[in-house]
Amino acid sequence: MSTVWRTLKVSVEELRLETTLKCGQSFRWKVSGENEWSCAFKGRLITLRQTIATDIDYRTYFSPNVSSSKINHELDKLHEFLIDYFQLNTVNLRECYTKWSKADKHFARIALKFKGIRILRQDPIENLFCFICSTNNNINRISQMVEKLCRQYGEKIYTLNGEDYFDFPILEKLTSPNVVDELRKLGFGYRAKYIAQTAKYMCENFSDGEVWLLSLRNLSYKEAHAALLKLSGVGPKVADCVCLMSLDKHNAIPVDTHVWQIAQKEYGFNAKIKGASNSLTTRNYAAVGDHLREIFGEYSGWAHSVLFTSDLRPFEDRSTSARESNSISSTTTMITEKRQIKISQEINSNIVREKSLNNNNNKRRRS
DNA sequence: CCTTTACCTAAGCA
DNA sequence: ATGCTTAGGTAAA
């Protein structure tokens, strides 16, 4: 194995990996080291790290006999991929945060604690099937299910530190007649059927299902959303996730239980004030989306994602003492996660120093 | 339109 | 320990 780090030259304000990779947009990035995440895409394992407040490094892995020109070429391609994946040339997040903070008090209140949360530009196939898995489910189990899906039907790409990394499977693999049974055995529950039916539908109705899905990028938000609703296991919320996270519909707003809670708590969507019923009906779903689009404008889906993340349990604004009393966890992965969050909080408040990464300073920090 | 119910499963909690 | 609830919803009635 030979590998070198390159730099992406992006500040934490533009992109903070800890939240962006782990806030439930993508379910395949794994913690592979201190402040470091890895994931396989299209035949290549990618590792990212965010060590100090100023930049992000990336690397990938080659067999020993690969020429340096080939390595350079691949790294150039990887750089392009990352720029596209994080939409770094398209969206200036700092400007967005400024605008959104002016437009909305609640956003302004959480903005400083949740900097650098970007919407990824994901592969639509991966995005679609992951969110079919997401229904009535939690992020932890979704990630486990996606891992199983990749292990079962995806190509093994690389082994890093004893951990195997798989590509997301190609669509054809999911059309095999025994997919339902296999996924059932793997614990997918009723989602097994949705996955099989959607894969089948896409392959039977279009000459190339993947190309068809990708082509929805060229349609309007409304058209793309309507097209997705025909897929089995895809309702309004999942369709909006796919629109926002892989089809370039920047003002698509998935209204899930979290967003509905936020809408009731922060934006007056409760039965008494707005005459809304207190459940997430079709009408309320549309009303919340319209309301947030009204406030945040062109990239309202991105703003929504910051609101959503601020409401997630692992990122909640809990006090240090609450967090520590909670950290009697026994598994190493959980300790890694918590350590990750702590380090990221330091990065986020710009107080990080090389030495503070290496000690176990538990002092209270304020931002 | 709105409301209700069933649907798989595993982790968290009492 | 066994039972109950919850977790990024969707489909059918």
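Worth knowing before you read on, the calculation uses all heavy atoms, side chains too, and leaves out hydrogens, waters and symmetry mates. Quick note on labels: first sequence line is chain A, next is B, and so on, each numbered from 1. Quantities reported herein were computed from a predicted structural model and do not represent experimental measurements.
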A:R217, CZ: over 12 other non-hydrogen atoms inside 6.0 angstrom: yes
Going by heavy atoms closer than 4.0 Å, what residues in residues 173-189 of chain A are next to DNA chain B? A:R184, A:G187, A:G189
List in numerical order all residues of residues 123-136 of chain A for which some heavy atom is under 4.0 Å away from an atom belonging to DNA chain B. A:N136
Do A:D248 and A:Y221 have side-chain atoms, one donor and one acceptor, less than 3.5 Å apart? no
Examine the side chains of A:Q197 and A:S232 and answer whether a donor and an acceptor come within less than 3.5 Å of each other. yes
Just call it for [X]: base, sugar-phosphate, or nothing, with non-hydrogen atoms closer than 4.0 Å on any strand.
{"X": "A:Q261", "answer": "nothing"}
{"X": "A:L280", "answer": "nothing"}
{"X": "A:F27", "answer": "base"}
{"X": "A:R283", "answer": "sugar-phosphate"}

Validation row, ring centre A:F315 to ring centre A:F114 under 6.0 Å: no
I need the CE-P distance between A:M145 and B:dT9, as an integer number of Å. 10 Å
Distance-only criterion, 3.5 Å: show the donor-acceptor pairs between side-chain atoms of residues 160-170 of chain A and protein atoms not counting sequence neighbours.
from: A:E163; atom 1: OE2; to: A:K30; atom 2: NZ; distance (Å): 2.9
from: A:D164; atom 1: OD1; to: A:K156; atom 2: NZ; distance (Å): 3.4
from: A:D164; atom 1: OD1; to: A:T159; atom 2: OG1; distance (Å): 2.7
from: A:D167; atom 1: OD1; to: A:K42; atom 2: N; distance (Å): 2.8
from: A:D167; atom 1: OD2; to: A:K42; atom 2: N; distance (Å): 3.2
from: A:D167; atom 1: OD2; to: A:G43; atom 2: N; distance (Å): 2.6

Could you go through nucleotides 11-13 of chain C and list every protein N or O atom that sits under 3.5 Å from one of its N or O atoms, giving the distance for each pair?
from: C:dA11; atom 1: OP1; to: A:G233; atom 2: N; distance (Å): 3.0

Using the rule that Ile, Leu, Val, Met, Phe, Trp and Tyr join whenever any side-chain heavy atoms are under 4.5 Å apart, tell me whether A:L174 and A:V180 fall into a single cluster. no
Of all the heavy-atom pairs spanning A:R16 and A:K113, show the shortest one and how long it is. NH1-O, 3.6 Å
Is the ring pair A:Y299/A:H250 parallel, tilted or perpendicular, if the boundaries are 30 and 60 degrees? tilted
Ring geometry between A:W29 and A:F41 (parallel below 30°, tilted from 30 to 60°, perpendicular above 60°): tilted
Which nucleotide in the list B:dA11, B:dT3, C:dG9 gets nearest to the side chain of A:K237? C:dG9
Among the candidates B:dT3, B:dT9, C:dA7, find the nucleotide nearest to the side-chain atoms of A:R141. B:dT9
Just by modelled atom types, is the A:L120 backbone N or O under 3.5 Å from a matching donor or acceptor in the A:Q25 side chain? yes
Rounded to whole angstrom, note down the P distance from B:dC1 over to C:dG9. 23 Å
Can you name the salt bridge (Lys or Arg N to Asp or Glu O under 4.0 Å) partners of A:E204, sequence neighbours left out? A:K200
Is NZ or CZ of A:R49 both nearer than 6.0 Å to the six-membered ring centre of A:W5 and within 45° of the ring axis? yes
Quick one: stems involving DNA chain C, counted as three or more successive Watson-Crick or G-U pairs, both distances short of 3.5 Å. B:3-7 with C:9-13, B:9-14 with C:2-7
